Amino acid sequence: MKNGAEIYNCGEEINLILHELVSKTNELFFIKAALLFGADTDYKNNSGKTALDIAKEQNKEEIIQFLKNQSKSLILFEFNLIDLLKKHL
């Protein structure tokens, strides 16, 4: 990439998108997609909250369990894009 840019490094924007997704949806599909694009589950917003903190505040159990079990390594991240796309197309 030109000037050493990383293709999956979307910076602060993707982290804030993760917070918005957790806040406004119950769809793990979109949360998984944000993580694939580099969202950091440990990132804190301006209020000092992580995505997990927001999920806990809103009692979103499925998202809470998913985020608790996430590894920072995408190698362990099970994401079958073809199957997920089939479900949403």
Side-chain angles (χ1 to χ4, degrees):
M1 301 290 314
K2 192 174 186 178
N3 297 326
E6 295 179 30
I7 193 165
Y8 291 112
N9 186 357
C10 299
E12 184 175 10
E13 293 84 11
I14 195 66
N15 290 316
L16 294 175
I17 289 169
L18 176 63
H19 285 77
E20 286 294 311
L21 289 169
V22 168
S23 177
K24 296 181 179 178
T25 186
N26 290 319
E27 293 289 330
L28 283 177
F29 172 83
F30 299 110
I31 293 167
K32 289 177 181 181
L35 291 172
L36 278 176
F37 280 99
D40 181 358
T41 56
D42 293 327
Y43 179 84
K44 293 184 180 182
N45 64 13
N46 290 339
S47 300
K49 296 177 184 177
T50 65
L52 179 59
D53 295 331
I54 294 168
K56 287 179 178 178
E57 286 177 353
Q58 297 182 5
N59 297 316
K60 295 185 173 188
E61 277 305 314
E62 186 177 19
I63 294 171
I64 291 167
Q65 293 308 313
F66 175 78
L67 292 173
K68 278 183 172 181
N69 294 317
Q70 279 309 295
S71 167
K72 287 187 176 183
S73 171
L74 287 179
I75 295 169
L76 300 176
F77 185 66
E78 294 180 3
F79 188 83
N80 189 328
L81 184 58
I82 294 171
D83 287 343
L84 288 172
L85 287 174
K86 286 179 185 176
K87 291 178 186 177
H88 293 280
L89 292 179

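Computed from a predicted model, the values in this text were never measured in an experiment.
- Nearest heavy atom pair, residue Val22 against residue Ala51, reads CG1-O, 3.4 Å.
- The distance from the CD atom of Glu57 to the CD1 atom of Ile64 is 10.0 Å, given to the nearest 0.5 Å.
- Smallest separation of non-hydrogen atoms from Glu62 and Leu28: OE2-CD1, 3.4 Å.
- Leu16 is listed as a side-chain neighbour of Tyr43, based on a closest heavy-atom distance under 4.5 Å.
- To the nearest 0.5 Å, atom NZ of residue Lys68 and atom CD of residue Glu61 are 7.5 Å apart.
- The 12-atom threshold is exceeded at CD of Gln65, counting heavy atoms of other residues, nucleotides or ligands nearer than 6.0 Å.
- We find the CG-CG distance between Leu67 and Leu35 to be 7.0 Å, quoted to the nearest 0.5 Å.
- Atoms CG and CZ, on Leu21 and Phe29 in that order, are 11.0 Å from each other to the nearest 0.5 Å.
- Within the model, atoms CG of Asn26 and CD1 of Ile31 stand 8.0 Å from one another, a figure rounded to the nearest 0.5 Å.
- Between atom NZ of residue Lys24 and atom CD1 of residue Ile54 there is a gap of 10.5 Å, rounded to the nearest 0.5 Å.
- The shortest side-chain heavy-atom distance between Thr50 and Thr41 does not fall under the 4.5 Å cut-off.
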